[in-house]
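Take a look at the structure below.
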Amino acid sequence: MRVGFYQYKPVFGKVSKNLKKVVSVLSNIEADLIVLPELAFTGYYFRDRKEVLQHAEDPTKSSSIDSLIALCREKKFYLVSGFTEKRKDKCFNSSVLIGPEGLIHLYRKLHLFNTEKNCFDEGDTPLQVNTVMDCKIGMMICFDWVFAEVSRNLALQGADIICHPSNLVLSYCQQTMLTRSLENRVFSITANRTGLEKRPHGELKFTGKSQIVAPNGDLLYRAASQRENIYIMDIDPSNAR
């Protein structure tokens, strides 16, 4: 199975521009499964809930989701992406699993980090594993990595690969995910973003270093900290069983 990630720097609030960039890059890629960062099209450092709702989309009627489905159909691959979700008066930091058949599953982040609590509603979807190309895929988002129970829950459901869209600002996660893969005997794909996001209320620098880890804890590939990178490699999901 050919899997990988796309590490890049979204421009805050420019959903159409970010989406166009991702579609353009991925249109030239041959793969089975690609993971994108957390909040992949809106940027991350929101001021408050009101600002989130201005940029978020309902995935059931989203032009962004429609474009990603069309891309998956054209390229015959699957995509896990962070997504800024709006549902009525609520907003969630979500992750979507999309394939040629459409939107397969949506997960809402359970563990909100720092000021995310002022911007997003708490996740209310259970952790779930979905089968793609005879491979079992689980999703978690960024700060979920801190809580060992998240990856353990997905592993106990039979996950072969844990897809991990992220906007990491701390320095510990990438190394910790080697342990998460080892203790659960799963592949993990962490797709992080790069760059500095300056907002009126402050700034955040993201750590990059997206990576793919094997079930024995071996680091198969890690990107540079501040460089755009798309990386695809072959893995054998049966090694996670």
Side-chain angles (χ1 to χ4, degrees), residues 3-8 10 15 18-19 22 26 31-44 46 52 55-60 62 64-69 71-72 77-87 90-99 101-113 116-117 119-132 135-147 149-155 157 159-168 173 177 180 186-193 206 210-213:
V3 304
F5 58 78
Y6 179 27
Q7 170 177 292
Y8 61 98
V15 175
N18 295 325
L19 178 65
V22 169
L26 297 189
D32 298 311
L33 173 68
I34 301 172
V35 185
L36 300 177
E38 178 184 19
L39 304 177
F41 307 108
T42 57
Y44 175 83
F46 290 100
V52 175
H55 294 89
E57 296 178 79
D58 183 332
T60 64
S62 162
S64 299
I65 294 292
D66 290 344
S67 295
L68 296 174
I69 292 171
L71 175 66
C72 289
F77 59 41
Y78 290 82
L79 190 63
V80 169
S81 177
F83 185 74
T84 313
E85 181 193 2
K86 175 167 61 179
R87 288 291 179 112
K90 291 190 174 184
C91 47
F92 298 97
N93 183 336
S94 299
S95 177
V96 289
L97 172 61
I98 296 171
E101 61 268 55
L103 177 59
I104 298 168
H105 183 59
L106 182 144
Y107 162 69
R108 294 167 177 161
K109 188 174 183 178
L110 289 173
H111 301 96
L112 298 176
F113 175 69
E116 290 176 27
K117 302 178 184 70
C119 299
F120 294 98
D121 290 284
E122 293 181 1
D124 58 2
T125 51
L127 294 161
Q128 179 177 312
V129 167
N130 292 272
T131 301
V132 166
C135 178
K136 292 185 177 181
I137 306 294
M139 293 189 290
M140 57 190 248
I141 301 174
C142 203
F143 196 51
D144 285 335
W145 71 266
V146 170
F147 304 90
E149 296 83 359
V150 175
S151 51
R152 189 61 177 166
N153 187 305
L154 294 169
Q157 292 185 54
D160 299 315
I161 304 172
I162 293 178
C163 298
H164 184 210
S166 297
N167 276 187
L168 298 162
C173 170
M177 288 306 294
R180 294 287 177 262
V186 295
F187 288 95
S188 64
I189 305 173
T190 297
N192 195 22
R193 62 160 289 177
F206 301 91
S210 299
Q211 63 184 28
I212 302 173
V213 183

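Computation of the quantities below employed the complete heavy-atom set of this structure, encompassing side-chain atoms and omitting hydrogens, waters and symmetry-equivalent molecules.
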Exercise. Verify side chain to side chain contact (heavy atoms under 4.5 Å, CB included) between Val15 and Ser64, making sure each step is shown before the conclusion.
Key: CA-CA 8 Å; Val15 175; Ser64 299; 3.7 Å; yes
Quiz item: Are Glu38 and Asn93 close enough, and set up right, to give a side chain to side chain contact (heavy atoms under 4.5 Å, CB included), and what steps lead you there?
Solution: CA-CA 8 Å; Glu38 178 184 19; Asn93 183 336; 2.6 Å; yes
Quiz item: Does the Gln211 side chain pair with the main chain of Met177, one donor and one acceptor, at a distance under 3.5 Å?
Solution: no
Quiz item: Heavy-atom distance under 4.5 Å between the side chains of Val150 and His111, does that happen here?
Solution: yes
Practice problem: Please test Phe41 against Leu68 for side chain to side chain contact (heavy atoms under 4.5 Å, CB included), starting from the C-alpha separation and ending with a verdict. | Solution: CA-CA 12 Å; Phe41 307 108; Leu68 296 174; 3.9 Å; yes
Quiz prompt | Tyr107 and Asp144 side chains, donor-acceptor separation under 3.5 Å | solution = yes
Quiz prompt | Phe143 side, atom CZ; Leu110 side, atom CG - distance, nearest 0.5 Å | solution = 12.5 Å
Exercise. For the pair Asp121 (side chain) and Cys91 (backbone), establish whether a donor and an acceptor sit closer than 3.5 Å, ignoring hydrogens and angles.
Key: yes
Practice problem: Nearest 0.5 Å please: distance from the NE2 atom of His164 over to the CG atom of Asn192. | Solution: 8.5 Å
Exercise. Provide the closest heavy-atom pair for Gly43 versus Arg193 in the form atom of the first, atom of the second, distance.
Key: CA-NH1, 4.4 Å
Quiz item: Going by heavy atoms in the side chains, are Ile189 and Val80 under 4.5 Å from each other?
Solution: no
Quiz item: Would you find a donor on one side and an acceptor on the other, under 3.5 Å apart, between the side chain of Asp160 and the backbone of Cys135?
Solution: no
Quiz prompt | Test side-chain contact (heavy atoms from CB on, under 4.5 Å) applied to Ile98 and Leu106, Leu103, Ile104, the passing residue | solution = Leu103
Quiz item: Leu26 versus Ile34: any side-chain heavy-atom pair under 4.5 Å?
Solution: yes
Quiz item: If you measure from CZ on Arg108 to NZ on Lys90, what distance do you get to the nearest 0.5 Å?
Solution: 8.0 Å
Quiz item: Distance-only, no hydrogens or angles: does the Tyr44 side chain make a donor-acceptor pair with backbone N or O of Pro10 under 3.5 Å?
Solution: no
Self-check item: Short side-chain to backbone donor-acceptor contact, Glu85 and Phe92, under 3.5 Å
Solution: no
